[in-house]
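Letters A, B, ... are given to chains in the order of the sequence lines, protein chains preceding strands, and every chain is numbered from 1. What you see below is based on every heavy atom in this structure, not just the backbone, and it leaves out hydrogens, waters and symmetry mates.
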Amino acid sequence: MAEFVNFKEIDVKWQEAWEKEKIFQVSDQSKKPKYYVLDMFPYPSGAGLHMGHAFTYTLGDIYTRFKRLQGFNVLYPIGYDSLGLPAENAAIKNNTHPEDYTKKSIANFMKQQKAMGWSYDWSRALKTSDPEFYKWDQWIFLQMLEKGIAYRKKAPVNYCPKCESVLANEQVVNGKCWRHEDTDIEIKHLEQWFYNITKYVEPLLQGLEKLDWPERAKVLQKNWIGKSFGTEVIFNINNEDWKVFTTRPDTLYGVTFLVISAQHNRLFDLVTKEQKSKVEEFLKKLKSVSEKELENLEKEGVFTGAYAINPLTKEKVPVYAGNFVVADYASGMVMAVPSHDQRDFEFAKKYGINIKVVIQNKENNLDSKTMQRAYTENGILVNSEKFNGLNNRAAIDTITEYLQHMSLGKKTVQYKLRDWLISRQRYWGTPIPVVYCDKCGIVPLNAKDLPVTLPKDVKFGQGNPLKTNDSWVNTTCPKCKGKARRETDTMDTFVNSSWYYLRYCDPKNSKEIFDSSKVNHWCPIDQYIGGPEHITMHLIYIRFYTKVLHDLGLINFDEPALRYFTQGIVKAADGERMSKSRGNVIEPLDTIEKFGADALRFYLISNASPDKDVIWTDSGMQSSHKFIGKVYSFFENIRFGKDSEKFEHKINKTLKEFFDDVQNFKYNVSTIKLRALFETMQNEKTISKESANKYIQMLHVFCPHITEELWNRFGNKGFISQSTFDKVNESKINLKFDKEDQAIENLSEDLGKILKVIQDKRDNSISKAFVYVIPNELELLKDVSSIEKKTNLTIKVFAVNDKAKYDPENKAGKAKSNKPAIHLE
RNA sequence: GCAGGGGUUCCAGAGUGGUCAAAUGGGCGGGACUCAAAAUCCCGUGGUUCAGGCCUUCGAGAGUUCGAGCCUCUCCCCCUGCACCA
């Protein structure tokens, strides 16, 4: 009975044994093939483990245990993404130092992680707030600087007033901060550190092809990178060439104005004296608008006073500054064709700008004076001089070639991906290892002087805390030994997670970032597991870093993770996210206390495919608990005997399917098959120890504690955690047994239906059933005891050609294949 | 708008050409046990009833096929992501 089993006790017993024997420590040297499973490391918050953690890390642990039992030498490390703003903010709130806060959080986390039975190699644990770790962030930065990948520039950047820091493009979600859904991003023009990720845009795009990732993840990254083909057209403004990117050079003759981004850093080069005040007024208004809803922002603009010359028509068209043009995409300036682009059309109507039709089609005769909206379909060029009559699709190439020929433009490619802004004006991050020297300017530190550690003594509350420690800020220039000032910005926390997976391969190396041979042995990650929210942030950065480190010759692969699995979310019973404010949170630790870690693990994966959301139900949780209890008590005092042939068939077949299902994360399907097999097992007279071992090995990946206990009770040597699966014995798999089951089930069903009808009509006097089958099906029904038990009938089965059969009603003739005839009395 | 993923029986969720009225779990109904309840166990759970049948179901419609939940097309709906990217 489930109640009598003290799961908690078993959990702790084996968790301690595993730890004591260090059985999950993995050696770099092994005869076994390597396998690297990685869960994205957690951000250690003071709140501890939540159900989402319990779910995602259990998925990884199951996969790891599965791979171990398959005979792989599995690297399964864990660490803490412990630098970052939330720790800083939480510390400020609790009036402690981020370092103390983080230390406490990690200790708490670790305890809880162990209670889940996750089989990490704790000897490799790392935390990013450790100077021995972030030292290498700084080292990588210096490498990047040397290669020109790290650089400083003044640019319009996203600033979150709540974070009091700038953000990367990836961290802006719908114009808001990724951490503060209620906070609008402000655009500031600041000089900041960037990583030149756009240099790697093509490898990032092409690398996707060879990855075994969910389609969704690949598409998301593709869209984020946003490659588009087009033409760069040169417009002359005030005797200066300005490049404008367009995907529609076929409409070039219809350009009636240009729009430059209001955030463009050269905007005022164009603004005339007369228009200056109007433009400034417009910009002021823009700022207040950005604090409201960005979504339905109307397209607005203001005339700059400048005119551009259309390279083909030589016409002069006005240049406007507009709020809808993205400053740092392409050249930050667009050509506007109101007749064939709806946005441009609305803008032209609003400001009374000329409209010129250049594409016509036979059915509709467009007239610029009467048209109600832009015509965006295809057609034939008109008003386009020598290109008149061309199909507009064809004209895209023709006109581009002509521009190229005349040196007025060229074919080009644009991407949405921007360079990665890594500066943060906050304390709890990796210090950027440069100084500002009055004489030498920006000077990087020497690698031997790393790490630049965070000073503990700083004041929080106003601006960047690092600026408050003068003795830290004031330093000497490594070049001229003169006075210098340290960079007080720290790095985006995402730099840490961009290469942590490499450090796990050689976590204690104090001489170099890692031993390349170790990293090349373990990497790339064979199976990476994490949430979908990381696809356009972390997973872009980690791929970028990998490519950079590859090009630096440090590693011999250029993709971090070949396979990636995205898990779903654990939702509360009401279908909402679990949250304190909703009061619907179920705590993993409470659940373990009540049901044991195995039952929780089993429950979390038995509901649905793990890439789907799990909706928590107490009854489901209880059902898993019940099942685990039944299995445990079944085996607890079992006496082994022999397997029936049928059972040998079943266990081998299940094992075979199990390999396939678990390999493909169909954990839920596996749990069902284990339930079914358990039912069969209960009806067997005896089973062998070998089969029992097979069964608990399968169950072990989901429920490591009770299976460890049973393994031990069975008298096996060593740990089940370190055992390996037997090969599937294909010769024992005989589909005959499945047919037999099918035949029994069919007959049982038929009898049931007949009895139901009869019993309604007559009284219950039926006690015997005579069954007539076609001869070659006779042996499928040789054991009908289960049906006899169920129906309370005595059953006799005959072959139809059996001369000695009892068949008073002469039913035997009705027997068909898979459909025996039946006589009841 | 664009892209991706989906719509399965009361719910969750398996299932991708025949043995599918469709696994499994939950819920619900019935039964056993009990003085009773809880727990546990067994049975049932689209309709209908004629002895194992018949009819209707897997978002809607059309098609391919001897045969479709599963393949093709069109449409509807839901979720997710990007969103003024020129």
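- The existence of a salt bridge linking A:Asp741 and A:Lys650 is confirmed by a sub-4.0 Å separation between a basic side-chain nitrogen and an acidic carboxylate oxygen.
- Looking at which nucleotide of RNA chain B each of A:Gly332 and A:Lys811 is closest to, the 5′-most match is held by A:Lys811.
- Counting any heavy atom pair closer than 4.0 Å across all strands shown, A:Val326 reaches a base atom.
- A distance below 6.0 Å separates the ring centres of A:Phe627 and A:Phe602.
- Nearest to the side chain of A:Lys416, among B:rA86, B:rC85, B:rG27, sits B:rC85.
- Between A:Lys666 and B:rG15 there is a side-chain N or O to OP1 or OP2 distance below 4.0 Å.
- Of all nucleotides present, none satisfies the Watson-Crick or G-U wobble test against B:rA21 with each distance under 3.5 Å.
- A close approach under 4.0 Å does occur between a side-chain nitrogen or oxygen of A:Tyr329 and OP1 or OP2 of B:rA86.
- Taking atom OH of residue A:Tyr415 and atom C1' of nucleotide B:rA86, one finds them 17 Å apart after rounding to whole Å.
- Closest to the side chain of A:Asn223, out of B:rG26, B:rC84, B:rG81, is B:rG81.
- Distances were taken from every side-chain heavy atom of A:Lys630 (C-beta onward) to each of B:rG25, B:rC41, B:rA86; the shortest belongs to B:rC41.
- B:rA3 sits 14 Å from B:rA86 when the P atoms are compared, rounded to a whole Å.
- Taking 4.0 angstrom as the limit, A:Ser606 places none of its side-chain polar atoms (N or O) nearer than this to OP1 or OP2 of B:rG25.
- Of all nucleotides listed (B:rG81, B:rG4, B:rC85), B:rC85 comes nearest to the side chain of A:Arg418.
- What separates NZ of A:Lys299 from P of B:rC85 is a distance of 9 Å, to the nearest Å.
- Backbone-only contact: A:Thr247 has heavy atoms under 4.0 Å from sugar-phosphate atoms and none from a base.
- The nucleotide B:rU40 finds its pairing partner in B:rA32, both defining distances of the Watson-Crick or G-U wobble pair being shorter than 3.5 Å.
- Of the candidate nucleotides B:rG27, B:rA86, B:rC82, B:rC82 has the atom nearest to the side chain of A:Trp224.
- For the pair A:Ser606 and A:Tyr667, the minimum side-chain heavy-atom distance is 4.5 Å or more.
- Across all strands shown, the partner of B:rG1 is B:rC82, judged by Watson-Crick or G-U wobble contacts whose two distances both fall under 3.5 Å.
- On the C1' atoms, B:rU9 is 24 Å away from B:rC75, given to the nearest whole Å.
- The shortest distance between the side-chain N/O atoms of A:Lys612 and the OP1/OP2 oxygens of B:rA12 is not below 4.0 Å.
- Ion pair A:Asp738/A:Lys653 flagged as a salt bridge, since at least one NZ, NE, NH1 or NH2 atom sits closer than 4.0 Å to an Asp/Glu carboxylate oxygen.
- The gap from the C1' atom of B:rC28 to that of B:rC35 amounts to 27 Å, rounded to the nearest Å.
- Residue A:Pro214 is classed as having no contact, given no heavy-atom separation below 4.0 Å to the nucleic acid.
- Straight-line distance between the P atoms of B:rC54 and B:rC43: roughly 26 Å, to the nearest whole Å.
- Residue A:Glu215 has its side chain nearest to B:rG4 when only B:rG52, B:rG4, B:rG26 are considered.
- Comparing A:Gly620 and A:Leu747 by the nucleotide of RNA chain B that holds the closest heavy atom to each, the one mapping nearer the 5' end is A:Gly620.
- The aromatic rings of A:Tyr541 and A:Trp420 sit parallel, their planes meeting at an angle under 30°, below the 60° perpendicular limit.
- Look at NZ on A:Lys571: it is 18 Å from P on B:rC11, rounded to the nearest Å.
- Residue contacts for A:Ala336: at a heavy-atom cut-off of 4.0 Å it reaches no nucleic acid atom on any strand shown.
- Across all strands shown, A:Ile615 has no heavy atoms under 4.0 Å from either base or sugar-phosphate atoms.
- Across the protein-nucleic acid pair, A:Asp250 atom CG and B:rA86 atom P stand 14 Å apart, rounded to whole Å.
- Here B:rU40 is the nucleotide among B:rG27, B:rU40, B:rA86 with the atom lying nearest to any side-chain atom of A:Lys626.
- The existence of a salt bridge linking A:Asp250 and A:Arg393 is excluded, since no basic side-chain nitrogen approaches an acidic carboxylate oxygen closer than 4.0 Å.
- Taking 4.0 angstrom as the limit, A:Ser228 places a side-chain polar atom (N or O) nearer than this to OP1 or OP2 of B:rA86.
- If you take atom C1' in B:rC73 and the same atom in B:rC66, they sit 22 Å apart, rounded to whole Å.
- Straight-line distance between the C1' atoms of B:rU72 and B:rU49: roughly 38 Å, to the nearest whole Å.
- Across all strands shown, the partner of B:rU45 is B:rG27, judged by Watson-Crick or G-U wobble contacts whose two distances both fall under 3.5 Å.
- Closest contact between the side chain of A:Asn668 and the listed nucleotides B:rG25, B:rC84, B:rG13 involves B:rG13.
- In this pair, A:His649 and A:Phe737 present their aromatic rings tilted. The plane angle is within the 30 to 60° band.
- Distance noted for atom P between B:rC58 and B:rG69: 8 Å (whole Å).
- Atom NZ in A:Lys176 sits about 13 Å away from atom P in B:rA83, given to the nearest Å.
- The nearest whole Å value for the distance from the CD1 atom in A:Ile672 to the C1' atom in B:rA22 is 13 Å.
- Because its NZ or CZ atom is not both nearer than 6.0 Å to the ring centre of A:Phe324 and within 45° of the ring axis, A:Arg343 does not count as a cation-pi partner of that residue.
- B:rC20 sits 29 Å from B:rG31 when the C1' atoms are compared, rounded to a whole Å.
- Regarding contacts with the backbone of B:rG6, every side-chain N or O of A:Arg216 stays at 4.0 angstrom or more from both OP1 and OP2.
- Counting to the nearest Å, the P atom of B:rG4 and the OH atom of A:Tyr564 are 19 Å from each other.
- Looking at the side chain of A:Ser609, the nearest of the listed nucleotides B:rU40, B:rA14, B:rG26 is B:rA14.
- Nearest to the side chain of A:Ala821, among B:rC85, B:rG52, B:rG81, sits B:rG52.
- Base pairing annotation: B:rA60 forms a Watson-Crick or G-U wobble pair with B:rU74, both donor-acceptor distances under 3.5 Å.
- Separating the CD atom of A:Gln742 from the P atom of B:rG18 is a distance of 13 Å, rounded to the nearest angstrom.
- At a threshold of 4.0 angstrom between heavy atoms, the contacts of A:Val259 with the nucleic acid are absent.
- The pair A:Lys350-A:Glu300 meets the salt-bridge criterion, with a side-chain N (NZ, NE, NH1 or NH2) lying under 4.0 Å from an Asp/Glu carboxylate O.
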